[in-house]
Colleague: 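Take a look at the following structure, please.
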Number of protein chains: 2
Amino acid sequence: MDAASTADARAADATLAASRALLGVVARSMVSALEVVTLPQFRVLVVLSAAGPTRMGAVAERMGVIPSTFSRFIDRMVAGGWVERTSSPDSRREVLLELTPSGRRLVDEVTERRREGILAVLSAMTDKQQGAVHHALQAFADAAGEPPAADLLTLGI
Amino acid sequence: MDAASTADARAADATLAASRALLGVVARSMVSALEVVTLPQFRVLVVLSAAGPTRMGAVAERMGVIPSTFSRFIDRMVAGGWVERTSSPDSRREVLLELTPSGRRLVDEVTERRREGILAVLSAMTDKQQGAVHHALQAFADAAGEPPAADLLTLGI
DNA sequence: TCCAAAATGTGTATAATTACAACAGTTGTA
DNA sequence: TACAACTGTTGTAATTATACACATTTTGGA
């Protein structure tokens with residue numbers, strides 16, 4: 001390994017270590033949601049929150065499960081009041097899945113708690129530091145590009 | 001909303017975006033591991049990887065399950081060859097849990113893939129930007145304090 | 001020494017997640 | 001129009017995660 005790639009590797013290690021605090025905020029934001037829905041269930045809520053009403057089969061594919069599994073999985077979420085089945089305007093054989101107000105609220109609360117957690121940390125910094133964080137992390141997010149939604153789905157985020 | 005809180009909100013939004021990118025890297029790094037162990041099982045591997053050989057009851061508490069549940073949970077992980085029970089040198093009633101080589105390899109592979117993912121993002125940035133990202137995350141980590149490991153465990157990381 | 005406490009494991013039970021196979025409407029097209 | 005393809009749901013079944021109550025072994029102190 002040459003000097004440049006060694007330096008790169010060190011930078012990656014340091015960045016990884018420093019990112020733990022940020023991941024901690026993310027994890028905390030989900031704790032209360034995971035007391036009322038399971039992680040796979042929360043994943044469905046995230047998908048629907050991002051994509052809006054979506055066909056059963058399409059969500060099943062996103063989740064990586066076969067339709068029959070998904071149908072009864074959704075039965076439980078409907079029973080819990082998190083999503084509802086609606087009929088598609090396109091075709092009577094299609095069933096659309098939609099967040100209920102409770103489901104939307106749950107996702108929104110997680111997002112809001114995450115924002116608050118980040119703000120709480122930022123507020124302990126000077127304005128100058130905040131500006132630096134803003135620009136640096138903006139650059140990081142840009143360099144990463146939008147992570148494919150399917151990847152985030154692995155952890156249900 | 002005043003100027004200061006607007007700046008706060010902008011920094012928070014940028015941080016949120018970065019956290020999503022970071023989670024994308026984390027999620028991708030875990031995909032292949034989650035094909036051979038479940039998420040709760042991977043969490044145990046992470047605990048043992050960080051703490052070394054640990055008493056059954058202590059790990060159960062970290063995982064937030066009662067010991068009787070944990071005993072059979074570990075039966076499955078032993079059967080899978082990911083961990084092994086060893087007797088404690090301190091007391092014959094204590095059972096220590098330890099990673100097998102396979103278990104350690106699984107965790108190491110995830111860590112390595114995560115490192116590569118971060119590296120891939122950083123390599124799309126200038127050296128100066130890379131330094132800025134590192135410093136920004138370091139400042140964030142300092143302001144946040146050490147995230148309780150229990151929080152990270154929520155996501156299995 | 002003897003017994004309460006500690007640490008773990010078993011018996012029993014429930015809910016969640018998952019798949020495969022078969023079935024029932026619905027749609028579009030040959 | 002008739003039939004194949006599409007979309008979703010049931011029947012059946014295995015595995016996993018989880019808890020409560022109880023049993024077993026070991027330890028440490030009265």
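Chain identifiers are assigned alphabetically (A, B, ...) following the order of the sequence lines, protein sequences preceding nucleic acid strands; residue numbering begins at 1 within each chain.
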Colleague: Tell me: CG of L96(A) to P of dT7(D), nearest whole Å?
Modeller: 12 Å
Colleague: Quick one: does S32(A)'s side chain get under 4.5 Å of R113(A)'s, heavy atoms only?
Modeller: yes
Colleague: Quickly work out the I66(A) CD1 to dT7(D) P distance and round it to whole Å.
Modeller: 16 Å
Colleague: How is R72(A) classified with respect to the nucleic acid when contacts are heavy atoms under 4.0 Å: base, sugar-phosphate, or nothing?
Modeller: base
Colleague: R92(A) CZ to dT9(D) P: how many Å, rounded?
Modeller: 16 Å
Colleague: Between dT26(C), dG8(D), dT10(D), which one does the side chain of V95(A) approach most closely?
Modeller: dG8(D)
Colleague: Take atom CD of E35(B) and atom P of dT17(C), then tell me their distance rounded to the nearest Å.
Modeller: 19 Å
Colleague: Here's a test of your reading of the structure: between P40(A) and R85(B), which maps to the more 5' nucleotide of DNA chain C?
Modeller: R85(B)
Colleague: Between dC20(D), dA17(D), dG8(D), which one does the side chain of M56(A) approach most closely?
Modeller: dG8(D)
Colleague: Among dA19(C), dT8(C), dT17(C), which nucleotide sits nearest the side chain of R76(A)?
Modeller: dT17(C)
Colleague: What verdict does the side-chain contact (heavy atoms from CB on, under 4.5 Å) test give for L23(A) and I157(B), after you've listed the backbone C-alpha separation in whole Å, the side-chain angles of each residue and the deciding distance to 0.1 Å?
Modeller: CA-CA 9 Å; L23(A) 292 173; I157(B) 52 185; 3.9 Å; yes
Colleague: Counting side-chain heavy atoms from C-beta on, which of dG9(C), dT18(C), dT27(C) comes nearest to S91(A)?
Modeller: dT27(C)
Colleague: When you match T69(A) and R93(A) each to their closest nucleotide on DNA chain D, which lands nearer the 5' end?
Modeller: R93(A)
Colleague: CD of E94(B) versus C1' of dA5(C): gap in Å, rounded?
Modeller: 14 Å
Colleague: Return the value, rounded to whole Å, for the distance between atom CZ of F70(B) and atom P of dA6(C).
Modeller: 20 Å
Colleague: Compare every heavy atom of A139(A) with every heavy atom of M125(B), then report the nearest pair and how far apart it is.
Modeller: CE-CB, 3.8 Å
Colleague: For the pair made of CG in D75(A) and P in dT10(D), what is the distance, rounded to whole Å?
Modeller: 7 Å
Colleague: Taking all heavy atoms of L16(B) and all of S19(B), pick out the closest pair and write down the distance.
Modeller: O-OG, 2.6 Å
Colleague: Does S68(A) contact dC20(C) through a side-chain donor or acceptor facing the base, at a distance under 3.5 Å?
Modeller: yes
Colleague: Would you call R55(A) and D90(A) a salt bridge, using N to O less than 4.0 angstrom?
Modeller: no
Colleague: Rounded to whole Å, please give me the gap between CE in M77(A) and C1' in dT18(C).
Modeller: 16 Å
